[in-house]
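When a residue number appears, it is its place in the shown sequence, counting from 1. Here the structure is a predicted model, which means the values were calculated and not measured.
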Amino acid sequence: VQLQASGGGLVQPGGSLRLSCVASGFRLDYYSIGWFRQASGKGREAVSCISHKDDLTYYRDFVKGRFTISRDNAKNTVYLQMNSLEPEDTAVYYCARASWCRAGTSDYSKLSGFGSWGQGTLVTVSS
């Protein structure tokens, strides 16, 4: 069981990147998938989540209108399209799975209930 994030890189402020989270060893459509990030010297924080039942999406206020989460179950992949990137978005981005984005013991905004954390991908926003 593994989740692998990729697609990070160096981008100028205002630019865009698309991150991918590929699942192996399990079917992605059975789980809700969250994106999280950790900037240097700071704790890990939630960014976005997509539900497996009805594709409901959740976003933290600081990325609303700029980031879009989506899934392609045929490719066993969840994407995070990031537009209008800001230097404050610089971080290592991770994906993880849970039964729900926000139900029961799972709450993506608190990172609770999420597991199978994969290696992250570094996003650097700088001119």
Side-chain angles (χ1 to χ4, degrees):
V1 173
Q2 187 176 5
L3 286 167
Q4 182 63 53
S6 64
L10 174 63
V11 63
Q12 292 187 341
S16 298
L17 280 175
R18 188 177 79 159
L19 305 184
S20 298
C21 173
V22 179
S24 58
F26 70 97
R27 284 184 54 169
L28 202 68
D29 54 344
Y30 287 175
Y31 291 89
S32 296
I33 302 296
W35 280 101
F36 305 86
R37 69 186 187 186
Q38 186 165 15
S40 180
K42 295 186 177 181
R44 193 168 297 187
E45 64 179 358
V47 175
S48 181
C49 189
I50 185 165
S51 169
H52 67 297
K53 282 293 186 181
D54 46 17
D55 282 351
L56 269 178
T57 57
Y58 301 81
Y59 299 94
R60 299 293 302 283
D61 286 345
F62 52 79
V63 302
K64 277 182 182 176
R66 301 189 299 125
F67 290 11
T68 303
I69 191 171
S70 62
R71 66 195 305 151
D72 185 336
N73 291 331
K75 295 183 178 180
N76 230 27
T77 301
V78 169
Y79 302 100
L80 185 68
Q81 177 66 43
M82 306 187 296
N83 299 329
S84 303
L85 283 162
E86 304 167 352
E88 293 75 22
D89 295 317
T90 295
V92 177
Y93 284 71
Y94 302 87
C95 53
R97 70 176 189 175
S99 297
W100 303 97
C101 287
R102 187 172 274 169
T105 57
S106 300
D107 186 338
Y108 88 101
S109 66
K110 299 176 182 177
L111 282 68
S112 59
F114 281 80
S116 299
W117 296 86
Q119 289 186 332
T121 185
L122 176 63
V123 172
T124 303
V125 185
S126 175
S127 55

Using a 6.0 Å distance limit plus a 45 degree cone around the ring axis, check whether R44 lies over the aromatic ring of F36.
no

Under 4.5 Å between side-chain heavy atoms, hopping through other hydrophobics if needed: is there a path connecting V92 to L19?
no

Just by distance, with hydrogens left out, do R97 and S116 show a side-chain donor and acceptor under 3.5 Å apart?
yes

Looking only at heavy atoms, what is the nearest atom pair of G115 and A96, with distance?
O-CB, 3.4 Å

Specify the closest pair of heavy atoms between Q81 and S16, including all atoms of both residues, with the distance to one decimal.
NE2-CB, 3.9 Å

When the ring planes of F67 and Y93 are compared, do they come out parallel, tilted or perpendicular, using 30° and 60° as the limits?
tilted

Is it the case that one hydrophobic cluster holds both F62 and V11, taking links as side-chain heavy atoms less than 4.5 Å apart, direct or via other members?
yes

Looking at side-chain heavy atoms only, is the closest gap between D89 and R66 below 4.5 Å?
yes

Any donor and acceptor pair, going by atom type alone, linking the side chain of S112 with main-chain N or O of D107 inside 3.5 Å?
yes

Nearest 0.5 Å, please: how far is CZ in R102 from OG in S51?
12.0 Å

First locate atom CG of L28, then atom CG of L3, and finally report the distance between them rounded to the nearest 0.5 Å.
7.0 Å

To check you understand the geometry: which heavy-atom pair defines the closest contact between A39 and A91, and what is its length?
N-CB, 3.7 Å

Does any non-hydrogen side-chain atom of L56 lie less than 4.5 Å from one of C101?
no

If you look at every heavy atom in T77 and S20, which pair is closest and at what distance?
CG2-CB, 4.1 Å

Expected output: side-chain S48 to main-chain Y58 donor-acceptor under 3.5 Å
yes

Kindly give the heavy-atom pair with the smallest separation between V63 and V47, and that separation in Å.
CG2-O, 3.6 Å

Assigning hydrophobic clusters by single linkage (Ile, Leu, Val, Met, Phe, Trp, Tyr; side-chain heavy-atom cutoff under 4.5 Å), is W117 placed with Y79?
no

Taking atom SG of C49 and atom CG of L80, what is their separation to the nearest 0.5 Å?
11.5 Å

Could you check whether any side-chain heavy atom of W35 comes within less than 4.5 Å of a side-chain heavy atom of M82, counting everything from C-beta outward?
no

Hey, any chance Y31 and V78 share a hydrophobic cluster, counting ILVMFWY side chains that come within less than 4.5 Å of each other, even indirectly?
yes

How many angstroms lie between CG in L85 and CD in Q12, if you round to the nearest 0.5 Å?
11.5 Å

Beyond-backbone contact of R60 with Y108, side-chain heavy atoms, under 4.5 angstrom:
yes

Gap separating the NE2 atom of H52 from the CZ atom of R27, nearest 0.5 angstrom:
11.5 Å

Quick one: CG on N76 to CG on D29, what's the gap to the nearest 0.5 Å?
7.0 Å

Linking I/L/V/M/F/W/Y whenever their side-chain heavy atoms sit closer than 4.5 Å, directly or via other members, would L10 and V123 fall into one cluster?
no

For the student: nearest non-hydrogen atoms of C95 and I33, plus distance
CB-CG2, 4.3 Å

Just checking Q119: does its CD atom have more than 12 heavy atoms from other residues, nucleotides or ligands closer to it than 6.0 angstrom?
no

